[in-house]
Amino acid sequence: MTITAGAPPTHSTPAALARGFLTGGVAGTSLAALVVGGIIEKVPLFVAGLVVPTVYGLLLFLAGAPRRRREAAVVPRTALAMIESLKAIGGESSDVPVRFDLTVAPDDEPAYRVEITQDINLVDLPDYRPRGILVVQYPPDRPWRVRIVKRPTPEWEERAAGARLDSVPGPATVSEPPEGCAFGFVGLLGLLLGVAVVIGLFRADLFDGDATARQPSSSKPSVSSSSSSSTSSSSSTSSTTVVSSASGTVALGPGQSMLDKGELRRAVDSLTEDKSEGDKGRDDDKGEGKGEGGGKRSALTVVVQERLLSVVFSPTGTQAPQFDPRSLPYERFPALVEEARTTLGIRSPRTWQITAERLTGSLTIRVGVTGAEGTASLEADGRGKVVRRTPVG
């Protein structure tokens with residue numbers, strides 16, 4: 001059984017339940033903000049997961065200041081106590097935490113058992129032995145908060161020296177009243193609600209990102225091609241292009257990248273082996289259908305971005321420097337992009353672009369990256385070997 005003295009605080013009051021609900025809500029919100037912010041890479045959300053519990057803890061501390069002042073103003077009750085048992089539970093400093101099992105005998109109330117932990121100096125530790133009599137103090141309304149008086153008044157010291165106390169049975173132990181099922185339930189409800197609110201607010205970023213991550217990279221890209229002085233668009237994910245010479249673009253869907261293994265080769269093949277009907281007709285009239293329509297189209301420029309490939313093909317009969325787009329070292333492109341992102345002074349790269357051309361006579365592959373610090377680039381030859389670097393600044 002549990003013996004209590006006075007009027008212990010009630011933990012199931014509306015104020016206590018509201019505090020439990022808010023505490024659970026803050027815990028759930030902050031944890032969900034940390035996890036979701038890390039997954040979707042939203043720094044403000046992640047920081048909010050750290051700030052919210054800190055601010056709530058500060059507000060809770062300030063709100064409890066009046067109660068702590070009232071408790072401090074209560075005159076403690078003094079009584080004699082007998083040590084039933086004691087055990088040092090650790091500590092490497094001069095003060096060792098000791099767990100005491102005490103029988104407390106107030107003058108005008110029934111005796112009771114209580115377990116406390118208090119730091120005792122190593123020098124004074126031999127003075128505390130089982131069956132020894134102590135002077136203790138505790139708040140009248142919280143008898144479980146017993147503290148040993150290390151330097152009692154002469155009157156109480158004299159009483160302790162000549163006192164003899166009987167042990168109280170172990171089951172008659174005073175302890176702090178538990179919070180109760182209602183408190184735990186509202187705390188759990190607040191935690192779940194906090195998690196649900198964060199996930200609900202950011203469900204689009206969270207689940208769209210997860211869906212695109214699961215989307216297979218081998219899914220067929222959309223292809224759009226436009227011939228001389230024309231505009232075309234085959235799907236919502238492709239680009240609309242207006243050019244003065246034959247060109248083609250390949251736009252990938254969400255979750256894909258042109259740097260995925262084999263993706264660039266497939267995209268270039270889809271453009272070089274496919275021509276619009278107008279081009280085929282002109283080639284047939286000139287007897288050149290096999291030359292241009294056979295998948296051997298030369299290019300003036302090839303531009304590669306994260307999910308977009310753009311090729312400007314050489315018009316028939318042009319004398320401008322050109323090259324076979326299929327001859328580019330595409331297997332070197334991921335390494336070139338990684339080197340440009342990490343070695344040119346851009347700490348947080350936002351975008352990158354690869355441009356291949358022969359305007360100077362020799363094939364040049366230029367990789368540019370942009371970030372908060374500015375723009376940087378590197379150049380490579382036709383085999384993908386880096387020949388020049390231009391750091392940021």
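Numbering starts at 1 and runs along the sequence shown.
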| said: Let's go through Glu339 and Arg389 carefully: what are the C-alpha distance in whole Å and the side-chain angles of both, what is the deciding distance for salt bridge (charged side-chain N to carboxylate O under 4.0 Å, His left out) to 0.1 Å, and is it a yes or a no? | reply: CA-CA 10 Å; Glu339 182 173 350; Arg389 293 178 177 84; 2.4 Å; yes
| query | Would you call Leu125 and Asn121 a side-chain contact if the rule is heavy atoms closer than 4.5 Å? | reply | no
| said: Enumerate the side chain to side chain donor-acceptor pair (under 3.5 Å) contacts for residues 40-55, please, sequence neighbours excluded, ordered by first and then second residue. | reply: none
| query | Between Ala79 and Val104, what is the shortest heavy-atom contact and its length? | reply | CB-CG1, 4.2 Å
| message | Would you say that more than 12 heavy atoms from the other residues, nucleotides or ligands in this model lie under 6.0 Å from the CZ of Arg129, or not? | response | no
| Note: Lys150-Asp127 ion pair, threshold 4.0 Å (strictly below) | no
| message | For Glu115, is there an ion pair with Arg99 - N to carboxylate O distance below 4.0 angstrom? | response | no
| note | The side-chain hydrogen bond (donor to acceptor under 3.5 Å, both in side chains) partner of Thr78 among Glu155, Gln137, Arg159 is Gln137
| field | Set of side chain to side chain contact (heavy atoms under 4.5 Å, CB included) partners for Ile83, sequence neighbours left out | value | Leu86, Phe100, Leu102, Tyr128, Leu134
| Do the non-hydrogen side-chain atoms of Val304 and Leu264 ever get within less than 4.5 Å of each other? | yes
| request: List the steps and the verdict of salt bridge (charged side-chain N to carboxylate O under 4.0 Å, His left out) for Glu331 and Lys261. | output: CA-CA 8 Å; Glu331 66 280 355; Lys261 186 176 181 181; over 6 Å; no
| said: Under a 3.5 Å cutoff, is there a donor and acceptor pairing between the side chains of Ser30 and Tyr56? | reply: no
| Nearest heavy-atom pair of Arg341 and Pro349: which atoms, and what distance? | O-CG, 3.5 Å
| note | Between the CG atom in Asp381 and the OG1 atom in Thr364, the distance rounded to the nearest 0.5 Å is 8.5 Å
| field | Check: Thr29 and Val197 side chains under 4.5 Å, non-hydrogen atoms | value | no
| Side chain to side chain, Arg307 and Met258, heavy atoms closer than 4.5 Å | no
| With a 4.5 Å heavy-atom cut-off, do Pro143 and Tyr112 have their side chains touching? | yes
| query | So do the side chains of Arg358 and Gln322 get within less than 4.5 Å of each other, counting heavy atoms only? | reply | no
| query | Do the non-hydrogen side-chain atoms of Arg77 and Pro140 ever get within less than 4.5 Å of each other? | reply | yes
| task | Provide the closest heavy-atom pair for Asp141 versus Trp144 in the form atom of the first, atom of the second, distance. | result | O-CH2, 3.9 Å
| request: Could you verify whether a donor N or O on one side chain and an acceptor N or O on the other, from Trp352 and Gln305, lie under 3.5 Å apart? | output: no
| query | Does the salt bridge (charged side-chain N to carboxylate O under 4.0 Å, His left out) test come out yes or no for Arg113 and Asp101, once each step is laid out? | reply | CA-CA 7 Å; Arg113 288 278 285 270; Asp101 183 5; 2.7 Å; yes
| message | Any non-hydrogen side-chain atom of Val26 less than 4.5 Å from a side-chain atom of Val52? | response | yes
